[in-house]
Structures are given as C-alpha cells and as structure tokens.
Number of protein chains: 2
Amino acid sequence: MAGIKDVAKKAGVSISTVSNVMNEKKPVSPELRQRVNEAIEALQYEVNPVGRGLKSNKTNQVGVIVPSFNQVYFPAILQGIHEAGFKFGYAISVFETGGDVERERQHVRFLQHSWIDGIILASYANGENISDRKYIRSLVNSSSRKKKIPVVSLENVLDPGIDAVVIDNKKAAGIAVNHLLEQGHKAIAHVAAPLRFQIGALRLEGYRETLEKAGLKFDGSLVCEGNYSPISGYQCMMELLEREKHFTAVFAANDQMGIGVIRALLDRGYRVPEDIAVIGIDNNFPSTLVTPSLSSVNLPKYELGYQAMYLLTERMKEPDKPRCVITLDTELIVRRSTSKEGSDTWNLLNW
Amino acid sequence: MAGIKDVAKKAGVSISTVSNVMNEKKPVSPELRQRVNEAIEALQYEVNPVGRGLKSNKTNQVGVIVPSFNQVYFPAILQGIHEAGFKFGYAISVFETGGDVERERQHVRFLQHSWIDGIILASYANGENISDRKYIRSLVNSSSRKKKIPVVSLENVLDPGIDAVVIDNKKAAGIAVNHLLEQGHKAIAHVAAPLRFQIGALRLEGYRETLEKAGLKFDGSLVCEGNYSPISGYQCMMELLEREKHFTAVFAANDQMGIGVIRALLDRGYRVPEDIAVIGIDNNFPSTLVTPSLSSVNLPKYELGYQAMYLLTERMKEPDKPRCVITLDTELIVRRSTSKEGSDTWNLLNW
DNA sequence: TTGTAAGCGTTATCAG
DNA sequence: CTGATAACGCTTACAA
C-alpha cells in the first residue's frame with residue numbers, strides 16, 4: 001500500500017504538495033495537481049489516518065457507549081449513527097457496558113486517551129451519588145491532551161454542559177396514559193422503568209401528572225418498578241396482581257415490559273384488553289407480533305442516533321457554541337391491547 | 001492528559017525507560033521502575049494508541065463489516081465479538097453495507113488503509129462474477145503497508161485462504177426437514193434464502209438431499225426464493241399458494257421468513273400446523289412470540305461472534321498457521337408451528 | 001506556488 | 001541497565 005512519499009516521488013513533487021492537493025488547504029497549480037492526482041490514482045493512495053491523527057489531533061473515529069447491544073432498541077439507533085457517521089466521514093467504535101457504571105467509565109477513559117474525536121454516550125450514571133456526579137462533570141471538560149472531546153448524551157440530559165438527544169419522556173408517558181383515560185379507564189397501574197434514572201422517573205412523573213390532571217388520585221401501590229426487560233414486566237405484573245388492588249389498565253414504561261405484562265395477564269386468565277388493557281412505550285416490532293398486539297408510543301430510534309451523530313459533528317466544528325438539546329417527537333400507536341379497533345397487523349418490514 | 005515525556009520528566013528518567021517499564025520489553029532496575037510507576041500513577045498516564053500505532057503498526061482496532069445491523073441477528077453476534085474483543089484488548093468498529101458489495105469493498109478498503117489489525121466480514125460477495133472473485137482473492141493478501149491484515153469470514157466460507165466461523169448449513173436444513181418428515185409430512189415446500197449465496201444454496205441443498213434420502217422427489221416448483229426478510233417470506237408463501245401445488249409443510253430458510261410464511265397462511269385461512277406446518281432456522285426470540293410459535297433450528301449467534309474474534313486474535317499471533325474453519329453446532333427447537341406438543345412459552349429473557 | 005523541515009507520541013536500535 | 005536518537009506518515013509553518 002502506497003504512502004504519501006511514493007505519491008510524491010511518482011508525481012515528481014514534494015510531499016507537502018501532495019498533502020495540499022489532498023486537503024485543499026493551499027492552492028496548487030493545475031499542472032501539479034493533475035500529476036499528483038494521476039499518481040494518487042495509479043497507486044491507489046489513500047491517506048493513513050494514523051499518521052494524520054498523530055499530527056492533526058483527529059482520528060475521525062467516534063465512540064458509542066451503550067448499556068446493551070439490545071435486540072430491539074440499539075440496532076436502529078446504531079443505524080442512524082452509522083449512516084450519519086458515514087456521511088460525515090466518521091467511523092463508529094462501539095462499547096457495551098452491561099449497565100455497569102464502572103465499565104462505562106473504563107470505556108470513556110479508554111476513548112479519551114485514544115484521541116477519539118467524540119463520544120455518544122447512553123449513560124447509566126445518574127448523578128445521585130457523588131462519584132457519579134464527579135464522573136459526569138468530568139465528561140464536560142473531557143479532554144485528550146489539548147483538545148476537548150465532545151460528548152453527546154443519548155436518551156437523557158446528563159449535565160447542563162452536555163449536548164443531548166432525547167424524547168420528552170413525561171409527554172410520552174402522558175400520551176400513553178391519556179389514551180387509557182380516553183378508553184374510559186379510571187384505575188391504571190404502572191410498571192415503571194428503573195426510577196433512579198431519568199427515563200424511569202420522568203415517565204412515572206408523566207403518569208402521575210396525567211392522572212392528577214384527570215382528577216384521579218395517584219396511588220403508589222399501583223406502581224411496580226421493573227428493569228426494562230420483558231421478564232421484569234412479567235414479574236411486576238404478577239406482583240401487582242398479588243396486591244389485590246383494583247385496576248383495569250396497565251401503563252408499562254417500555255414495550256419489552258409491556259409484553260411481559262401481557263404474558264402475565266394471560267397466564268393468570270385475564271383477557272386483554274377486555275379485563276385489563278396494556279400500553280407500552282417504544283413501538284418495537286415485537287409488539288406487533290404478540291397476541292393481542294401491544295399499543296405503544298413510538299420513539300424515533302433511527303432519528304435519535306442520526307441526530308446524536310449530527311450534533312457531534314456540529315459540536316466538533318464549533319466547540320464553544322451554546323449547549324444544545326434536541327427533543328424528538330413521539331406518537332401514539334393504537335393496537336389491540338387497548339382497543340378492539342386497534343391495528344393487528346404484524347410488522348413484517350425493516351427487521 | 002499526560003504524555004510519555006511528562007512521565008519521564010517527573011520520574012527523572014528518559015522516555016525509553018518509561019516505555020520499557022510500560023511494555024516490559026527490556027529489564028528496568030527496581031528503583032527506576034518504582035519511580036516511573038509512581039509518575040504514571042500521579043499523572044494518570046496511559047499510552048497514546050495513535051502514537052503507538054504509527055510506530056508499531058498496530059491499532060488494537062478490529063473492523064466488523066456486516067450487511068445489516070439486523071434487529072434479531074446482529075446484536076447477539078456483536079455481543080460475542082465485543083466480549084472477546086474486550087477480553088483480548090481490541091476495540092470494535094462497525095460498518096453496515098446494506099448488502100451492497102460496492103459499499104462493502106469501500107469499507108474494506110477504508111479499514112485496510114486505517115491500519116486496522118483485523119477484519120471480521122459477513123460478506124455479500126459470492127465469487128460468481130469475476131470482479132467479486134478478484135475482490136475476495138484480494139482479501140487473502142490484504143495488507144496495509146507491510147503487514148497482512150487478517151480477515152475472518154462470518155457465516156460463509158469465502159476462500160480457501162480465509163479463516164471462517166460458520167454453521168453447517170446443509171445439516172441445519174437437514175435437521176429442519178427431517179423434523180417435518182418425522183411429523184409425517186410427505187410434501188414439503190421451501191422458502192429459500194437468496195440462492196446466489198452459500199447460505200441459501202446450502203440450505204436448499206440440505207433440503208433436497210434430505211428429501212431424496214427419504215425417498216421423496218425434489219420438486220423445484222415447491223421452492224420460492226426470498227431475501228431473508230419477513231415480508232419476502234410472506235410474498236413467497238402467497239406465490240407458492242397460487243401455484244396450487246399440494247404441500248403440507250413449509251421449510252423456511254430463516255425464522256424471519258418463517259414468520260412471514262405463518263402470517264400468509266393465517267391470512268389465507270389455513271390452520272398452522274393442522275393444515276400446513278412451518279419451520280425456520282435461527283431460533284430468534286420473535287419466533288416465540290407469534291401465534292402459533294415457530295419451530296426452528298437454533299444457531300449459536302453469540303458464539304459465532306465470540307469465536308470469530310477469537311480466531312482473529314489467534315491469526316494475528318500466528319499469521320502463517322494453517323487456515324482454520326470453525327463449524328458450530330445447531331439444535332432443533334420444536335414449537336407449535338409443527339407440533340401441538342411443541343413449546344409455547346414466550347421468550348422473555350435476553351432481549 | 002512550491003519545497004524544506006519540524007514535530008505529533010511512541011517504539012526500537014544502538015551506543016554508553 | 002539506561003539514554004539519545006532515528007524512525008513511523010502526515011500536516012503545517014516558514015523559507016525560497
């Protein structure tokens with residue numbers, strides 16, 4: 001594989017001229033440009049990003065750190081990130097934390113001294129304990145040697161100094177609960193996402209506010225905290241049933257738990273939605289496959305990833321522009337778990 | 001962030017000594033080692049991989065190129081790759097081709113001149129046309145400057161010179177078809193994966209051989225070629241029904257198409273499995289969620305990824321050892337789409 | 001407009 | 001055992 005020197009030799013020019021042709025930073029005469037381009041073509045030369053990186057403090061790599069390479073959620077986000085990355089000339093390195101903040105910090109640290117150009121982070125740190133808070137603050141001025149490394153937070157607003165791409169979790173929860181209210185439900189249980197994190201707390205908050213706005217009382221014993229997984233939804237539902245409280249509908253904080261909820265209800269002999277209705281958040285394709293199909297609030301997953309990558313490129317261009325939070329829209333999807341009129345077609349596309 | 005020079009200054013030694021302490025390539029006296037380690041600790045020094053990469057021709061980065069960041073298939077594979085990569089000290093860069101060989105070559109080319117240490121490739125090139133064949137050959141001696149870049153092929157045997165991690169596709173198809181035969185089916189249709197690729201061709205071959213071994217005649221008009229996607233399975237099934245041939249079972253080359261097949265059959269008023277039984281290959285979690293649940297042949301997806309990464313590290317250590325193909329085992333999973341006694345529980349774990 | 005040369009952070013060679 | 005120094009491939013002042 002050819003290097004810049006080979007090109008220079010072949011074209012009979014100096015290496016700086018080759019560099020200038022490639023980077024268009026300084027003007028080069030047409031003749032030389034021509035000769036250089038021919039040499040580049042002939043030798044199939046492409047710049048070596050390692051050499052360039054050393055000099056220019058840029059690697060054209062961004063790191064993506066997520067809790068899990070989750071089956072239903074992560075791929076679409078990664079597609080968005082990758083597509084935008086490809087467009088703007090960045091390669092994507094991926095890291096999984098398993099929800100372990102220590103491992104997350106390890107990955108961040110690794111990326112920082114890799115001279116990566118930016119980080120997209122779906123963090124599990126929550127600013128509750130002091131060490132997490134220090135860690136989050138450290139991200140703001142996260143720097144490699146002399147350059148700051150921009151961080152874009154995915155799905156939660158980490159720090160007033162960190163860009164983020166999110167959805168309005170409170171609103172999404174409100175959309176879900178409102179739908180149940182409109183169906184005539186007066187007693188609605190909630191299978192929550194982990195409450196020590198923003199997503200869980202905000203969706204709970206949206207649930208509570210929407211109930212109260214409708215003149216209903218919030219009842220903590222109708223809430224059970226899961227961990228996003230389908231099985232936790234199943235377990236929460238079983239626990240709620242054991243409490244023997246009255247409710248006719250369940251709002252699950254995500255579709256995966258919603259599916260677990262449906263399974264639990266069916267296993268206990270309830271009809272869905274006649275006895276108890278269920279709605280989730282995410283609008284993942286499996287929700288269309290179960291019977292009854294699960295109503296949900298759509299999250300624009302691909303868009304979330306794309307915008308995160310886009311925000312990162314903007315931040316790299318203008319490190320000092322004011323901090324930016326992009327909030328994407330959500331949308332109600334009515335299926336059979338809340339309404340006999342809901343859609344019941346399997347999603348056979350895009351998976 | 002501190003560099004090697006800062007450490008050297010702080011410890012009062014030369015940079016080579018610092019390097020020797022870090023890499024343990026040459027002995028260093030205990031006193032100096034101590035001083036250096038203290039300085040490293042104090043400054044939170046970690047080597048800069050860009051500088052190291054330039055010198056040592058190693059980046060500790062591995063590129064993974066796949067047709068799609070597929071929802072059901074890719075995440076588990078990536079988990080396996082990432083886990084093994086983390087263990088052996090490699091970061092994972094991911095690239096999606098959308099099944100476009102031109103884009104695939106673009107990514108490969110990019111990785112080659114990135115001085116990446118290795119490539120895991122799920123290729124869509126098929127050695128049919130001459131340009132593909134040349135491209136595949138070029139992977140064998142794929143080199144960046146002076147060093148060969150090892151390639152591990154995922155899911156298909158690309159070239160006699162390229163390591164691969166695969167499953168025995170013929171055998172997996174045989175397992176599926178045999179199961180149908182054991183259920184008493186004598187006329188079995190096949191919704192095939194793209195036949196110009198190994199996976200599709202081998203699964204078709206396994207289908208044909210198993211039929212013939214059972215004394216049944218292979219009938220090409222019972223075969224319809226899909227493209228892996230659920231919707232293509234749906235369309236194929238519709239087309240097979242229109243041909244008005246008799247069959248009582250369908251072997252779909254993957255679960256996604258199998259789910260499409262079930263949907264088509266239900267839409268046309270057939271009962272599954274009473275009128276027509278269906279089996280797939282993959283054992284993805286959505287297959288447990290549909291009604292009836294889809295029988296399948298399990299593929300060890302995580303293991304596929306883990307072994308690919310492992311193979312790569314072995315190859316990097318010993319570039320000249322004989323080429324290695326790892327074939328992983330598959331296993332029949334009986335659900336309701338082929339047998340009333342099959343399992344019908346939703347998979348609520350690991351997604 | 002073009003070329004020369006310094007230097008990015010590290011490793012490796014070789015002389016002390 | 002230790003340290004000076006030359007690479008690695010590239011960008012970028014600065015000199016011509």
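Side chains are part of it too, since the values below use all heavy atoms of this structure and drop only hydrogens, waters and symmetry mates. By convention in this document, chain letters (A, B, ...) are assigned in the order of the sequence lines, proteins followed by strands, and residues within each chain are numbered from 1.
Residue V28(A) has its side chain nearest to dT2(C) when only dT11(D), dT2(C), dT11(C) are considered. Among the nucleotides dC10(D), dA12(C), dT1(C), the one closest to any side-chain atom of K55(B) is dA12(C). Distance from the side chain of I15(B) is smallest for dT5(D) among the nucleotides dT11(D), dC1(D), dT5(D).
Atom CG of N20(A) and atom C1' of dT1(C) are 10 Å apart (whole Å). Rounded to whole Å, the distance from NZ on K5(A) to P on dC10(D) is 9 Å. In this entry the distance linking NZ of K9(A) with P of dC10(D) reads 13 Å, nearest Å. In this structure, the NZ atom of K26(B) is 7 Å from the C1' atom of dT13(C), given to the nearest Å. In this structure, the CE atom of M22(B) is 13 Å from the P atom of dA12(C), given to the nearest Å. In this structure, CD of E31(B) is placed 10 Å from C1' of dC1(D), rounded to the nearest angstrom. Distance K25(B) NZ to dC1(D) P: 17 Å, rounded to the nearest Å. One interatomic measurement links the two molecules: NE2 of H113(A) to C1' of dC8(C), which rounds to 17 Å at whole-angstrom precision.
No hydrogens or angles considered: a donor-acceptor pair under 3.5 Å links the side chains of R52(B) and N23(B). Between the side chains of Y310(B) and E303(B), no donor N or O sits under 3.5 Å from an acceptor N or O. Between the side chains of E38(A) and Q34(A), at least one donor N or O sits under 3.5 Å from an acceptor N or O. Checking S14(A) against T17(A) by side-chain atom types alone, a donor-acceptor pair falls below 3.5 Å. Residues Q71(A) and Q71(B) bring no donor and acceptor atom of their side chains to less than 3.5 Å of each other. A side-chain donor from one of K87(A) and Y306(A) sits under 3.5 Å from a side-chain acceptor of the other. When only modelled atom types and interatomic distance are considered, Y302(B) and E83(B) share no side-chain donor-acceptor pair under 3.5 Å.
Side-chain atoms of S19(B) stay outside donor-acceptor range of the base of dA12(C), with no qualifying N/O pair under 3.5 Å. For dG3(C), the base has no donor-acceptor partner in the side chain of T17(A) [N/O atoms by modelled type, under 3.5 angstrom]. No hydrogens or angles were tested; on distance alone, nothing pairs the side chain of S16(A) with the base of dT11(D) as donor and acceptor under 3.5 Å.
Taking only side-chain nitrogens and oxygens, S14(B) comes nearer than 4.0 Å to OP1 or OP2 of dG3(D). Distances shown here put a side-chain N or O of S29(A) below 4.0 Å from the OP1 or OP2 atom of dT2(C).
Contacts with DNA chain D (heavy atom under 4.0 Å) in residues 37-52 of chain B: none are found.
Contact check on D163(A) versus R323(A) returns no salt bridge, with no Lys/Arg side-chain nitrogen under 4.0 Å from an Asp/Glu carboxylate oxygen.
Nearest heavy atoms, P150(A) versus M316(A): CG-CG, 3.7 Å.
Counting any heavy atom pair closer than 4.0 Å across all strands shown, L32(A) reaches sugar-phosphate atoms only and no base atom.
With the nearest nucleotide of DNA chain D identified for both S56(A) and P27(B), P27(B) has the one nearer the 5' end.
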Requested in this report: Let me see the working for F86(B) and H107(A) under ring pair (Phe, Tyr, Trp, His ring centres under 6.0 Å), right down to the final yes or no.
Outcome: CA-CA 10 Å; F86(B) 188 69; H107(A) 289 318; 5.3 Å; yes
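End-to-end axis angle for the helix from dT1(C)-dA16(D) to dG16(C)-dC1(D), using five pairs per end and rounding to 10°, comes out at 50°.
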